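Input: a single structure, listed below in structure tokens.
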Amino acid sequence: MAEIHEECGVFGVYHVENAAMLEYYGLHSLQHRGQESSGIAVSDGETINSYKGKGLTVDVFQKEKLSAMKGNTAIGHVRYSTAGGQEAENIQPIVSKGHNGCLAVSHNGQIDNDVELRLELENHGAIFQGTGDSEVILHQIQYERGTLLERITQAARKLDGAFSFLVMDEDRIYAVRDRYGIRPLSYAPCRQGYVISSETCAFEVMGIYESYDLKPGEIVEFSKDIVKHYQYTNDISHHMCAMEYIYFARPDSVVEGKNVHTFRKESGAVLARKDQDLHADIVVGVPDSSLSAAIGYAEESGLPFETGLFKNRYVGRTFIQPTQAMRDQSVRMKLSPVESVVSGKSVVMIDDSIVRGTTSRRIVQLLKSAGAKEVHVRIASPVFAYPCFYGVDTSTRAELIGARLNVEEICDYIKADSLRYLEVEDMREVAGQIGLCLACFDGKYVTNLYTHGKELED
Ligand code: AMP
Ligand code: SF4
């Protein structure tokens, strides 16, 4: 079965000495958004040099490599392939060197109408190297006429879907956000220049605590040491991806003004308020993404928060997975139950989401095998029943357990003693003033779904 994966992260450095090194730290902080590949493009004011490869940022870049990448403006990318395969051609930033100069693009999201645009561009003579939709952005910008800002404006108006992207030429960076505000993008002053990031956690590691979000439909230009704001459309809405709060973003990030840890804690508290009649002994969160919600549940319910599950953080991409025979002998490399904590206890197990149901089923089994008397599963998000077409790889609808089974049936499948999810309305309550995309929970997609309408019907 196909693995489900996270989306991507973009990071930009404008006018800061030794930009490649700062890029490296920025991308490292965004590594949780994608571990498949990592890339940096640096401009020295005259030309753009790039280096990229498969794997983690720390594996792709060594000190010598970074020192050789001279320049004070850079964009970078960490990715997990959403649109497009895992071929080397699709690794970002994508760089082109044309007669009118160099351009580099880093993109997080998914362009809905990329097939139509690609076809049109090919009919006009564009030659694509890879299969990803990020290359469509680059070609579309090149195809338009006028100044670079005019070309980006025209291109952004034609793109539909969810995107946050950075465009760099020899001496400028443009940051662009989709009109629905689905994917996040923030920027912050840094020394004599600026840094731009998918998530604010990358700023905080640099000691920067003052940052700004791009508005939906906005282009921000970083050039000649100043920041200029342009609105490429006024037809905007506010639909921040709810999964950023639920699962993707780091707890120390602030998304649309709200700290992710706080959001998760509040979600856990809502779950606890619905459990007035439940008699349990301890609260256990599935590490790492569910720990904040578990703390929120514990605080609200008055039950003790316990480390009932331990995660080995060193099980990476290249880790040699145990064979089936070893698994049968209980080789649990990634997640282990803490027997002395859970044995004989009635456990409230908090997880952030159920996608295919395999993880929850496995964890319930782990806790029970360690002697848990009862396992009550509480999910800090609503039933995940629809695929995402906005840059989050959630596999097909058929693979989503919430699309096939009702809550009672899912409870039976994961072998829990009880199961409860948050409602869509609960998510809205926690979000307060922040508008959310909740399409994977309620099926209400905010874009036209050009190429995906059919997939949804199947
Ligand atoms: P499963 O139900 O086994 O498919 O996996 C659910 C778990 O995967 C959740 O507990 C999340 O921590 C994690 N998860 C949720 N969405 C994604 C995603 N798009 N990519 C990777 N992992 C995810
Ligand atoms: Fe996020 Fe779900 Fe909307 Fe996709 S459909 S952008 S995962 S909330």
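Bear in mind the structure is a predicted one, so any value in this text is a computation, not a measurement. We count ligands from 1, going down the list as the structure has it; atoms in each ligand are counted the same way.
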Tyr390 vs Tyr445 aromatic rings, parallel, tilted or perpendicular, using cut-offs 30° and 60°?
perpendicular

Could you find the nearest protein heavy atom to atom 3 (Fe) of ligand 2 and give me its residue, atom name and distance?
Cys437 SG, 2.3 Å

Give yes if a backbone or side-chain nitrogen or oxygen of Val355 is under 3.5 Å from a nitrogen or oxygen of ligand 1, and no if not.
yes

Regarding atom 2 (O) of ligand 1: of the candidates Ser353, Gly357, Ser360, which has the closest heavy atom?
Gly357

Which part of Leu436 is near ligand 2, with near meaning a heavy atom under 4.0 Å away: side chain, backbone, both or neither?
neither

Between His107 and Ser134, does the side chain to side chain donor-acceptor pair (under 3.5 Å) criterion hold? Intermediate values first, please.
CA-CA 6 Å; His107 163 230; Ser134 312; 3.0 Å; yes

Short check: any N/O/S atom of Cys241 below 2.8 Å from atom 1 (Fe) of ligand 2?
yes

How long is the gap from NE2 on His376 to CG on Leu271, to the nearest 0.5 Å?
14.0 Å

Checking Arg118 side chain against Gly132 main chain: does a donor-acceptor pair fall under 3.5 Å?
yes

Against heavy atoms of Val392, which atoms of ligand 2 measure under 4.0 Å?
7 (S)

Enumerated ligand 2 atoms positioned under 4.0 Å from heavy atoms of Ala439
5 (S)

Testing Ser289, Ser381, Ser292 one by one against Asp352 for a side-chain hydrogen bond (donor to acceptor under 3.5 Å, both in side chains), which residue passes?
Ser289

Counting heavy atoms only, name the option from Asp288, Val392, Asp351, Ile414 that's nearest to atom 10 (O) of ligand 1.
Asp351

With heavy atoms of Ile182 as the reference, note each atom of ligand 2 found under 4.0 Å away.
6 (S)

Residue, atom name and distance, where the atom is the protein heavy atom closest to atom 5 (S) of ligand 2
Cys440 N, 3.4 Å

Does Phe165 offer a backbone N or O that forms a donor-acceptor pair with the side chain of Tyr174 under 3.5 Å?
no

Answer yes or no for Ala162: is there a heavy-atom contact with ligand 2 below 4.0 Å?
no

Would Asp178 and Arg183 pass as an ion pair if we require N to O under 4.0 Å?
no

Measuring from the heavy atoms of Arg362, does anything fall under 4.0 Å of ligand 1?
no

Closer than 3.5 angstrom, by distance alone: can the side chain of Ser253 be matched with the main-chain N or O of Cys201 as a donor-acceptor pair?
yes

With atoms numbered from 1 as shown, which atoms in ligand 1 lie under 4.0 angstrom from a non-hydrogen atom of Ile354?
2 (O)

Atom indices of ligand 1, in the order listed, that fall short of 4.0 Å to a heavy atom of Ser289:
12 (O)

Cys388 N/O/S atom closer than 2.8 Å to atom 4 (Fe) of ligand 2
yes

Which of the atoms in ligand 1, numbered in the order shown and given with their element, are less than 4.0 Å from a heavy-atom of Met243?
16 (N)

Need the ligand 2 atom indices (1-based, order shown) with element for anything under 4.0 Å from a heavy-atom of Ala242.
8 (S)

What is the minimum heavy-atom distance between Lys258 and Ile434, and which atoms define it?
CB-CD1, 3.5 Å

side-chain contact (heavy atoms from CB on, under 4.5 Å) test vs Lys265 passes for just one of Leu291, Asn259, Ile295, namely Ile295

